[in-house]
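Proteins get letters first, then strands, A, B, ... in listed order; numbering begins at 1 in each.
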Number of protein chains: 2
Amino acid sequence: MARSDHEAEGQRDLGADAAVVEAGRPRRPTRSRRKAGDVAGADNNIDILDCAAQCFMEMGFQGTSIDDVARRLGATKGRIYHYYASKTDLFFDVHREGMRRLNEAVIAVMGSGGNGRETLRAMLEAHALTMLQNIAYLAVVVQGVHMHRLGATTLAQRQVLDEIMAIRRDFEKLFSDVFRRGQADGSIRAENASIAVKGMLGAVNWTAIWYRPRANETLADKQKIARELAALQVGGVA
Amino acid sequence: MARSDHEAEGQRDLGADAAVVEAGRPRRPTRSRRKAGDVAGADNNIDILDCAAQCFMEMGFQGTSIDDVARRLGATKGRIYHYYASKTDLFFDVHREGMRRLNEAVIAVMGSGGNGRETLRAMLEAHALTMLQNIAYLAVVVQGVHMHRLGATTLAQRQVLDEIMAIRRDFEKLFSDVFRRGQADGSIRAENASIAVKGMLGAVNWTAIWYRPRANETLADKQKIARELAALQVGGVA
DNA sequence: AATTAAACATACTACTGAGTATGTTGCAAT
DNA sequence: ATTGCAACATACTCAGTAGTATGTTTAATT
């Protein structure tokens, strides 16, 4: 799937996702052209995604017009519709990119040993930190969760939607699996895994609502918030 | 504005699917005509609020058209615009009603004695239960939180928005005050009250995203979920 | 040097949806 | 019995917006 540009010098994303439905992709996946002064490796699409994420976060899906995104880009509709077949496809791609970053961050800390409880804590911390560092993308993800209907009229869009929901289910399963591992090794006493996981993820996801980066906020500040949130969810307040 | 706030009794239905639709011809329901001596503004248009809440929950603010709400009502725009000056005002009133029910439920359990931690737990449980019982209204509240811009163009709308945000601030303060009381009486060890409260409220508020009442769900079922959520937020999983 | 296609911009269409203007009906007080 | 008005319904306007059709520029290829 994805923008099949093969020129991904950028260490970022691309291609990693399972190839699924093709919806609203660039028509001809040849190499992107660069103007004379362009910095090599810059993915043009990431600019569109960034601006779209920002707009969607601030004004919601329906509240954002393609012209809004284009204005923020310093461009016009033509540019956006050159890469995305529809507004819905653009939204989906932001959502998918957000989920990709979340998955990446959480999976990265899952193999660090430790019992179920400690692994769960590390996963929550990674989740939280990723939220704080990608607040626009993840705010879009949060929005999209209960927008299962949006305007998914076409078949292709519905397939993309199914794909996204599957990713979300798998993501939640990462946590509930580790939770049960903690129950098995005795490090977790709580019983109802489903409710507990939904609660913990809610506490972390809620940062999409209240958190806005302050000026001069350092990485250490974000890490502190993430660590506290994760610790409280595992250990409680008492 | 031009709205009064005392719509009396709180225990309406639980946001279950509005069976108001009743496909038929322009029906003439019991037209409650105002009798002499009635206070102007004591409107019983709770049906409008219910349908609006349901629509806003399912399709979002921008995604919901006034005609959508009217259709669900089994009426036309005329009826809605007879009571509300604009779509934004309607949204605000749903939001305000949701916050009113939340406040009522939480304050009701605050005087039951007990140390800070136990009071906090009871407040969280009451909060959660109210969410589950009024999921449509509270889903709108959750939506509205980060929609500070919406389309608040008029001065009156901005004032209502300020009022709502003040209510939200006061609501959060209820929790952080009790949290600090718990720190003082030794029943709460966690340090950062701000982060902790935001996390706990997030866990509870997140029910607006995932929770949808199943068929035949009893009050006891909801109470069980609420109790578990509250207990986990206070005591953790370990 | 000419050709080609990607990467946009510009100009337009068609439609949706918020809000309004105006009609209609029934109850209640006169 | 007539009148006044609340409580709607009906029929419009018009601004905003998703999507399209087409023009323009630039860089790589031949």
Look for any protein N or O under 3.5 Å of an N or O in nucleotides 18-22 of chain D and output each such pair with its distance, or none.
unit_1	atom_1	unit_2	atom_2	d
D:dA18	OP1	A:Thr64	O	3.3
D:dA18	OP1	A:Lys87	NZ	3.0
D:dA18	OP2	A:Ile66	N	3.0
D:dA18	N7	A:Lys77	NZ	3.1
D:dG19	OP2	A:Tyr81	OH	3.2
D:dG19	OP2	A:Lys87	N	3.1
D:dG19	N7	A:Lys77	NZ	3.1
D:dG19	O6	A:Lys77	NZ	2.8

Problem - Residues that B:Phe171 engages under ring-ring contact (aromatic ring centres under 6.0 Å, His included), provided they are two or more places apart - result: B:His127, B:Phe175
Practice task
Grab the CG-P distance between B:Leu90 and C:dG17 for me, whole Å please.
Solution key: 16 Å
Completion exercise
Rounded to whole Å, the CD1-C1' distance (B:Ile80 to D:dA7) equals 14 Å
Problem - Nucleotide C:dG19, atom C1' - distance to CZ of B:Phe91 in whole Å - result: 19 Å
Completion exercise
Sequence neighbours excluded, the answer for salt bridge (Lys or Arg N to Asp or Glu O under 4.0 Å) partners of B:Glu217 is B:Arg214, B:Lys222
Problem - Pairing residues for A:Lys87 by the side chain to side chain donor-acceptor pair (under 3.5 Å) criterion, not counting sequence neighbours - result: none
Problem - Distance-only polar pair, side chains of B:Thr64 and A:Gln62, donor-acceptor under 3.5 Å - result: no
Exercise for the section: Applying ring-ring contact (aromatic ring centres under 6.0 Å, His included), name anything that partners B:Tyr81, two or more places apart in sequence or on another chain. Expected result: none
Exercise for the section: Not counting sequence neighbours, which residues clear ring-ring contact (aromatic ring centres under 6.0 Å, His included) with A:Phe56? List them please. Expected result: A:Phe61, A:Phe91
Handout entry: Rounded distance in Å - OH (A:Tyr84) to C1' (C:dC8)
Key = 15 Å
Practice task
Please check the phosphate of D:dA7 (OP1 and OP2 only) for any side-chain N or O of B:His82 closer than 4.0 Å.
Solution key: yes
Practice task
Considering just the side-chain nitrogens and oxygens of A:Tyr83, establish if one lies under 4.0 Å of OP1 or OP2 belonging to C:dC8.
Solution key: yes
